Amino acid sequence: MLLLVSSLACKPPDADGAASTLRSVTLNGGTTEGLDHDQGDDGYTSEHAAITDALYENSLSWNPAEEALRGFLADTRPDVVAFQEIFWDPWCQDIEVDLDLDFVCRDYDPAGLTQPQRLLGDDYQVACAPGQPDNCVGVHRDLGSMQGCSEDLCQEGLDGMAPPDGCSNGARVGRVVVDLLEGGELTLVNVHGSSGLDSETRDCRVSQFEQVFEDRGDGQPAAIGQALILGDLNTDPFRMTEADPSAAYFAAQVDGQAWWFLSDDTPSYGGLTSIDHAVSNTWVGGCTSPPIWDTVYWDHLPLVCEATR
């Protein structure tokens with residue numbers, strides 16, 4: 001059933017002085033066996049998908065897809081990027097590599113660049129989540145620099161923790177505060193809700209979303225100050241509020257007053273649901289979901305947002 005909640009519409013903040021602009025991208029870079037990978041002639045087949053599922057955590061692990069995403073990001077040139085389910089290269093140490101397959105571990109170099117660094121290039125500073133190393137953010141150096149991170153890559157530079165009830169591991173909600181070159185701060189929150197429709201998982205997503213808006217487990221929410229929340233919720237706050245308490249909770253927080261959506265109900269996942277979102281208490285704008293590549297690989301579309309404050 002399609003349930004649209006009108007109160008979730010974007011609400012612009014009061015503007016003082018000249019507007020600042022911000023381009024963001026959030027993308028779940030993983031894939032799934034549940035697509036027709038034998039369609040087309042891109043070279044990625046259902047046999048490749050089975051290997052990705054068995055060995056590579058269904059993460060972004062096929063080299064041609066990594067190259068396509070790198071080109072997309074270079075053309076898009078976002079100020080900030082939030083990744084979920086990209087590949088953490090040290091996983092290669094535990095994978096039996098088939099050198100005949102064009103997968104990421106074929107060229108693994110323990111001293112080399114990590115995947116988010118390869119995807120974004122030298123113009124970005126990168127931080128990833130403790131306990132969830134495939135969830136990372138990138139900040140363009142023309143925008144600012146991350147607090148608490150003085151390196152090109154801070155592998156556990158996102159500030160976060162497991163929910164207080166321990167329903168999931170690591171920081172599926174991670175934040176970093178950016179010192180903006182123009183002055184002021186921007187808090188980036190990368191959210192990757194647990195995947196599943198059973199009651200236990202739905203309740204766990206509520207706990208994770210409470211970390212975003214109420215209390216991470218240390219007495220403060222992840223989203224502090226002037227914030228931008230990006231990520232894969234793994235639920236649809238426009239369509240699933242009656243069936244999923246985590247969708248209802250998230251929708252209730254993003255009330256169009258204190259918090260508002262930059263994204264909308266346009267399906268970003270499988271052409272059916274809207275689970276990839278951008279939310280702010282400062283920035284106002286809109287988002288699109290352009291294809292990365294004319295092939296069957298990703299089950300998520302990227303969310304590209306243009307915002308002002």
Side-chain angles (χ1 to χ4, degrees), residues 24-32 42-44 48-49 51-99 101-141 146 149 151-158 160 170-172 174 176 188 190-192 230-232 276 291-293 295 297-304:
S24 65
V25 169
T26 184
L27 172 67
N28 182 315
T31 182
T32 176
D42 54 52
Y44 190 85
H48 291 87
I51 294 170
T52 303
D53 178 70
L55 299 180
Y56 289 88
E57 304 281 340
N58 276 320
S59 296
L60 176 60
S61 52
W62 189 45
N63 285 329
E66 181 182 305
E67 179 62 29
L69 180 54
R70 180 163 54 245
F72 174 86
L73 292 169
D75 291 341
T76 305
R77 197 183 178 279
D79 299 298
V80 297
V81 182
F83 293 118
Q84 309 86 41
E85 289 188 32
I86 57 173
F87 191 76
W88 187 47
D89 295 82
W91 284 337
C92 292
Q93 297 172 7
D94 299 320
I95 293 175
E96 185 176 346
V97 177
D98 186 339
L99 297 179
L101 295 177
D102 199 7
F103 278 78
V104 64
C105 289
R106 186 177 67 176
D107 303 314
Y108 172 58
D109 177 3
L113 298 176
T114 63
Q115 186 174 78
Q117 291 177 291
R118 296 192 300 271
L119 289 170
L120 293 171
D122 294 339
D123 290 338
Y124 290 81
Q125 194 178 19
V126 173
C128 301
Q132 295 286 332
D134 53 339
N135 296 333
C136 305
V137 302
V139 174
H140 200 287
R141 298 181 193 279
M146 299 178 181
C149 177
E151 307 295 330
D152 295 336
L153 169 69
C154 292
Q155 184 56 50
E156 294 192 344
L158 290 185
R172 297 187 75 95
V176 66
L188 290 176
N190 188 9
V191 182
H192 188 196
L230 300 170
D232 171 13
D276 304 281
I292 298 169
W293 188 18
T295 190
Y297 182 78
W298 287 279
D299 50 346
H300 290 254
L301 289 169
L303 189 71
V304 181

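Keep in mind the model is a prediction, meaning the values are calculated, not measured.
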Residues, nucleotides or ligands: over 12 heavy atoms within 6.0 Å of Asp122 CG: no

For the student: nearest non-hydrogen atoms of Pro78 and Val81, plus distance: CG-CG2, 3.3 Å

Please walk me through it: do Arg141 and Asp152 pass salt bridge (Lys or Arg N to Asp or Glu O under 4.0 Å)? CA-CA 10 Å; Arg141 298 181 193 279; Asp152 295 336; 2.8 Å; yes

Classify the angle between the aromatic ring planes of Trp62 and Trp293 as parallel (below 30°), tilted (30 to 60°) or perpendicular (above 60°). parallel

Identify the heavy atoms of Asp276 and Leu301 that sit nearest to each other, and give their distance. OD2-O, 4.4 Å

Considering only the SG atoms, does Cys92 lie under 2.5 Å from Cys105? yes

Is the closest side-chain heavy-atom distance between Leu60 and Phe83 below 4.5 Å? no

Could you check whether any side-chain heavy atom of Leu230 comes within less than 4.5 Å of a side-chain heavy atom of Val80, counting everything from C-beta outward? yes

Flag the pair Gln155 / Trp88 as yes when at least one side-chain heavy-atom distance between them is below 4.5 Å, and no otherwise. yes

Quick one, His192 with Asn28, criterion side-chain contact (heavy atoms from CB on, under 4.5 Å). Give me CA distance, side-chain angles, the key distance, then yes/no. CA-CA 9 Å; His192 188 196; Asn28 182 315; 3.8 Å; yes

Rounded distance [0.5 Å steps], OG1 in Thr52 versus CG in Asn58: 6.5 Å

For the pair Gln84 and Val191, evaluate side-chain contact (heavy atoms from CB on, under 4.5 Å) and give the outcome as yes or no after the intermediate values. CA-CA 8 Å; Gln84 309 86 41; Val191 182; over 6 Å; no

Side chains of Asp89 and Arg118: closer than 4.5 Å at any heavy-atom pair? yes

Distance col, row Glu85:CD vs Ser59:OG, nearest 0.5 angstrom, shows 6.0 Å

Any side-chain heavy-atom pair from Val97 and Tyr108 closer than 4.5 angstrom? no

So which atom in Ile86 and which in Gly29 form the shortest heavy-atom distance, rounded to 0.1 Å? CG2-CA, 4.5 Å

Sidechain-backbone polar pair: Asn63 side chain, Phe103 backbone, donor-acceptor under 3.5 Å: yes

Got Leu69 and Tyr297 here, is their nearest side-chain heavy-atom distance under 4.5 Å? no

Identify the heavy atoms of Pro133 and Trp91 that sit nearest to each other, and give their distance. CG-CZ2, 4.3 Å

Can you check whether Val137 reaches Leu158 side chain to side chain, under 4.5 Å on heavy atoms? yes

Donor-acceptor contact present, side-chain Asn190 to main-chain Gly174, <3.5 Å: no

Show your reasoning for whether side-chain contact (heavy atoms from CB on, under 4.5 Å) applies to Ile292 and Leu27. CA-CA 10 Å; Ile292 298 169; Leu27 172 67; 3.8 Å; yes

Any donor-acceptor pair under 3.5 Å from Glu66 side chain to Val104 backbone: no

Would you give the length of the straight line joining atom CG of Asp232 to atom CG of Leu303, rounded to the nearest 0.5 angstrom? 11.0 Å

Do Gln115 and Ser61 pair up side chain to side chain, a donor and an acceptor below 3.5 Å, judged on atom types alone? no

Backbone of Pro130 reached by a side-chain donor or acceptor of Glu156 within 3.5 Å: no

Leu120 side, atom CG; Leu153 side, atom CG - distance, nearest 0.5 Å: 11.0 Å

Which heavy atom of Ala129 sits nearest to which heavy atom of Ala171, and what is that distance? CB-O, 3.5 Å

If you round to the nearest 0.5 Å, how far is OG1 of Thr32 from NE2 of His300? 9.0 Å

With disulfide bond (SG atoms under 2.5 Å apart) as the criterion, how do Cys136 and Cys128 come out once you've worked through the C-alpha distance, each side chain's angles and the decisive distance to 0.1 Å? CA-CA 4 Å; Cys136 305; Cys128 301; 2.1 Å; yes

Quick one: do the Thr31 and Tyr44 side chains pair a donor with an acceptor below 3.5 Å? no

Please work out which of the three classes, parallel, tilted or perpendicular, describes the rings of Tyr56 and Phe87, given edges at 30° and 60°. tilted

Quick one, Cys149 and Gln125 - any side-chain contact, counting heavy atoms below 4.5 Å? yes

